[in-house]
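Worksheet: the structure to be examined is printed underneath.
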Amino acid sequence: MRAMLLEQISDLRINPAPLVMKDVEIPVPGDDELLLKISACGVCHTELDEIEGRTPPPQLPVILGHQVVGRVIEKGKNVTEWNTGDRAGVAWIFASCGQCDYCLSGNENLCPDFRATGRDANGGYAEYMTVSGKFAHPLPEIFSDEEAAPLLCAGAIGYRSIKLTGLFSPITSHHSPLTNHQLTSSPPHHRETIGLTGFGASAHLVLKMVKFKFPGMPVFVFARSEKERAFAMELGAAWAGDPSEQSPEKLDAIIDTTPVWKPVVEALRNLKPGGRLVINAIRKESIDKEYLLNIDYPVHLWMEKEIKSVANVALNDVRDFLQIAAEIPIKPEVQVYSLEEVNTALIELKQQKIRGAKVLKIG
């Protein structure tokens with residue numbers, strides 16, 4: 001099969017084509033696994049973190065890609081919940097131990113043995129891949145393959161970020177995937193407001209979700225790119241400005257979706273007392289880390305402001321979000337590339353040339 005392999009860690013500013021096309025053997029599914037013929041795979045900023053060594057794969061070469069859509073063409077003898085021909089999705093969560101307190105409480109994302117698709121195991125920048133039947137996800141038919149791909153990471157991590165703001169109360173059933181899932185606003189004691197810093201794949205899906213579920217809640221967007229700010233206003237943002245600008249009003253919560261530090265500092269300045277900043281990133285780049293020295297305790301951190309990180313996604317984050325996305329429905333904006341064009345997509349992502357989500361069409 002054809003696959004784009006990462007063979008060495010490199011700086012994308014020096015090596016603009018870090019992935020190389022190779023012919024490799026089609027993987028053989030184990031007893032508990034599915035073999036998927038891949039049709040689409042999203043391109044995520046976390047791939048930049050893997051390539052540049054901020055979250056390096058434990059072994060090289062490796063096939064990146066963790067927003068995977070494909071069809072089951074073979075299954076192991078122990079797999080009963082999937083049939084040949086079924087469409088399945090694979091997200092960032094590839095496996096966990098299933099036995100620790102985190103796994104047993106539905107927080108597999110915090111498992112010490114958490115394994116990531118496309119980092120700890122081969123992912124979706126290829127024509128085929130294997131995955132445990134337990135960690136594959138049914139996909140609502142309303143979405144095309146290209147639309148479904150970014151929902152598996154950008155959408156799911158956005159959903160988890162929304163939950164962690166504390167402004168919403170998730171009501172979920174952990175026993176029957178894709179049923180009885182809702183997202184409800186917490187009882188407001190005042191007019192609640194939310195902000196988004198950066199406006200790429202994840203943030204634009206968060207905005208769509210909030211605007212549909214809670215149309216009275218204004219969303220304020222901070223983005224460096226004028227095109228991103230215009231896109232946010234097209235999708236219904238109440239205001240859009242540069243990350244260094246003061247928002248028209250202080251905000252209850254802000255979700256940071258950027259790879260850098262300046263927006264974190266500026267977001268803290270725009271929070272209300274008791275407000276919460278949720279950092280939606282697997283890793284942060286060091287390019288502007290010195291900007292943290294601008295933190296002034298009474299301005300940025302006092303008055304019981306909080307900072308909370310998002311760590312990976314749990315199985316139910318993916319499944320809950322897929323149902324919500326189908327009910328609304330959330331249709332992500334996508335830019336489509338061929339498998340051979342993945343380096344182009346990655347460089348554009350690095351250069352913040354973004355409108356919605358980037359997706360590879362494979363096969």
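All heavy atoms count here, side chains included; hydrogens, waters and symmetry mates do not.
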Worksheet item: Honestly curious: do Val62 and Leu360 fall in one hydrophobic cluster under the side-chain, below-4.5 Å linking rule?
Response: yes
Discussion item. Less than 4.0 angstrom from a charged side-chain N to a carboxylate O is my criterion; do Glu7 and Lys22 meet it?
Written reply: yes
Worksheet item: Given the rule that I, L, V, M, F, W and Y join up when any side-chain heavy atoms are under 4.5 Å apart, are Tyr102 and Val318 in one cluster?
Response: no
Fill in: CD-CD distance between Glu266 and Glu245, expressed to the nearest 0.5 angstrom
10.5 Å
Practice prompt. Please report the shortest heavy-atom distance between Arg54 and Arg283, naming the atom on each side.
Written response: O-NE, 3.1 Å
Worksheet item: Taking the side chain as C-beta and beyond, is there a heavy-atom pair between Pro150 and Val359 under 4.5 Å?
Response: yes
Worksheet entry | Whether Asp120 side chain and Ala116 backbone form a donor-acceptor pair below 3.5 Å | yes
Worksheet item: Got a sec: does the CZ of Arg224 have more than 12 other heavy atoms crowding it under 6.0 Å?
Response: no
Worksheet item: Sub-3.5 Å donor-acceptor pair from the side chain of Asn109 to the main-chain atoms of Ala311, do we have one?
Response: yes
Worksheet entry | Smallest separation among heavy atoms of Lys211 and Met217, with atom names | NZ-O, 4.4 Å
Worksheet, complete the sentence: Cluster membership besides Ile295, Ile/Leu/Val/Met/Phe/Trp/Tyr side chains within less than 4.5 angstrom, sorted by chain and number, is Phe220, Phe222, Trp239, Leu251, Ile254, Trp261, Val264, Val265, Leu268, Leu271, Leu277, Ile279, Tyr291, Leu292, Tyr297, Leu301, Trp302, Met303, Ile307
Practice prompt. Treating Ile, Leu, Val, Met, Phe, Trp and Tyr as nodes and any side-chain heavy-atom pair under 4.5 angstrom as an edge, say whether Leu110 and Phe114 lie in one connected cluster.
Written response: no
Discussion item. Please evaluate residues Glu285 and His45 with respect to the criterion side chain to side chain contact (heavy atoms under 4.5 Å, CB included), reporting the C-alpha separation (whole Å), side-chain torsions for both, the decisive distance (0.1 Å), and the verdict.
Written reply: CA-CA 11 Å; Glu285 297 183 13; His45 192 278; 3.4 Å; yes
Worksheet item: Cut-off 3.5 Å, side chains only: do Glu74 and Tyr128 have a donor facing an acceptor?
Response: no
Worksheet item: Would you call Lys272-Glu192 a salt bridge at under 4.0 Å N-O?
Response: no
Worksheet item: Thinking salt bridges, do Lys163 and Asp317 make one under a 4.0 Å N-O criterion?
Response: yes
Fill in: Donor-acceptor contact below 3.5 Å, side chain Asp252 vs main chain Thr193
yes
Worksheet item: NZ of Lys308: more than 12 outside heavy atoms within 6.0 angstrom?
Response: no
Fill in: Heavy-atom side-chain contact between Tyr159 and Ile324 under 4.5 Å
yes
Discussion item. Under a plain distance cut-off of 3.5 Å, with no hydrogens placed, do Asp49 and Thr55 share a side-chain donor-acceptor pair?
Written reply: no
Worksheet entry | Enclosure of Asp101 CG (heavy-atom neighbours >12, cutoff 6.0 Å) | no
Practice prompt. Kindly give the heavy-atom pair with the smallest separation between Ala136 and Arg319, and that separation in Å.
Written response: O-NH2, 3.0 Å
Fill in: Residue pair Leu35, Val28: steps toward the side chain to side chain contact (heavy atoms under 4.5 Å, CB included) verdict
CA-CA 7 Å; Leu35 175 63; Val28 177; over 6 Å; no
Discussion item. Quick check: closest heavy atoms across Asp145 and Ser39, and the distance to 0.1 Å?
Written reply: OD2-OG, 2.8 Å
Discussion item. Any side-chain to backbone donor/acceptor pair from Gln323 onto Asp320? Under 3.5 Å, distance only.
Written reply: no
Response to the item:
Checking Leu151, Leu152, Ile362 against Val69 for side chain to side chain contact (heavy atoms under 4.5 Å, CB included), the one that qualifies is Leu152
Discussion item. Quick check on the 6.0 Å ring-centre criterion: do Phe231 and Phe199 meet it?
Written reply: yes
Practice prompt. Please step through side chain to side chain contact (heavy atoms under 4.5 Å, CB included) for the pair Phe321 and His137, ending with a clear verdict.
Written response: CA-CA 11 Å; Phe321 175 72; His137 304 277; over 6 Å; no
Discussion item. Among Gln67, Glu341, Gln335, exactly one meets side chain to side chain donor-acceptor pair (under 3.5 Å) together with Lys358. Which residue is that?
Written reply: Gln335
Practice prompt. May I ask you to test the Met129-Phe94 pair for a side-chain heavy-atom distance under 4.5 Å?
Written response: yes
Worksheet item: Of the non-hydrogen atoms in Leu339 and Ala126, which two are nearest, and what is the gap between them?
Response: CD1-N, 4.1 Å
Discussion item. One thing to verify: whether Asp256 and Lys284 come together as a salt bridge, which I'm taking to mean a side-chain N less than 4.0 angstrom from a carboxylate O.
Written reply: yes
Worksheet item: Between Ser144 (side chain) and Glu147 (backbone), is there a donor-acceptor pair under 3.5 Å?
Response: yes
Worksheet item: Are Met21 and Leu6 in one and the same hydrophobic cluster, where Ile, Leu, Val, Met, Phe, Trp and Tyr link if side-chain heavy atoms are under 4.5 Å apart?
Response: yes
Fill in: Side-chain donor or acceptor of Asn78 paired with backbone N/O of Asp32 under 3.5 Å
no
Worksheet item: Measuring from Ser202:OG to Ile255:CD1, what's the distance to the nearest 0.5 Å?
Response: 7.5 Å
Worksheet item: Do Thr257 and Ile157 come close enough that some side-chain heavy atom pair is under 4.5 Å?
Response: no
Discussion item. So Leu196 and Val206, do their side chains get closer than 4.5 Å, heavy atoms only?
Written reply: yes
Worksheet item: Would Val72 and Lys37 satisfy side chain to side chain contact (heavy atoms under 4.5 Å, CB included), going step by step from the backbone distance to the final call?
Response: CA-CA 7 Å; Val72 178; Lys37 181 175 175 57; over 6 Å; no
Practice prompt. Identify the two heavy atoms, one from Ile38 and one from Gly123, that lie closest to each other, and give their separation to 0.1 Å.
Written response: CD1-O, 4.3 Å
Worksheet item: With side chains defined as the heavy atoms from C-beta onward, is the minimum distance between Ile93 and Thr117 less than 4.5 Å?
Response: no
Worksheet item: Out of curiosity, Leu205 CG to Ser161 OG, how far, rounded to the nearest 0.5 Å?
Response: 11.5 Å
Practice prompt. To the nearest 0.5 Å, tell me how far Asp288 CG sits from Asn294 CG.
Written response: 10.0 Å
Item to complete: Give a yes or no on whether Val334 and Ile347 share a hydrophobic cluster (residues Ile, Leu, Val, Met, Phe, Trp, Tyr; joining criterion: side-chain heavy atoms under 4.5 Å apart).
Response: no
Worksheet entry | Rounded distance [0.5 Å steps], NZ in Lys350 versus CD1 in Ile51 | 9.5 Å
Worksheet item: Checking Arg119 side chain against His66 main chain: does a donor-acceptor pair fall under 3.5 Å?
Response: no
Worksheet item: Would you call Leu346 and Glu47 a side-chain contact if the rule is heavy atoms closer than 4.5 Å?
Response: yes
Worksheet item: So does Glu290 have more than 12 non-hydrogen atoms from other groups sitting under 6.0 Å from CD?
Response: yes
Worksheet item: Is the closest side-chain heavy-atom distance between Leu5 and Leu60 below 4.5 Å?
Response: no
Discussion item. Please determine whether a side-chain nitrogen of the Lys or Arg among Arg276 and Glu306 lies less than 4.0 Å from a carboxylate oxygen of the Asp or Glu.
Written reply: yes
Worksheet item: Looking at Glu234 and Arg355, does any basic side-chain N land under 4.0 Å from a carboxylate oxygen?
Response: yes
Worksheet item: Is there a donor-acceptor pair under 3.5 Å between the side chain of Glu127 and the backbone N or O of Met1?
Response: no
Item to complete: Drop me the distance from Lys289's NZ to Ile287's CD1, to the nearest 0.5 angstrom.
Response: 13.5 Å
Worksheet item: Does one side chain, of His204 or Glu228, offer a donor that lies under 3.5 Å from an acceptor on the other?
Response: no
Worksheet item: Does Lys305 use its side chain to pair, donor to acceptor, with the backbone of Val299 at less than 3.5 Å?
Response: yes
Discussion item. Does Gln246, at its CD atom, have more than 12 non-hydrogen atoms belonging to other residues, nucleotides or ligands within less than 6.0 Å?
Written reply: yes
Worksheet item: So, the side chain of Lys250 versus the backbone of Pro273: is there a donor-acceptor pair under 3.5 Å, distance only?
Response: no
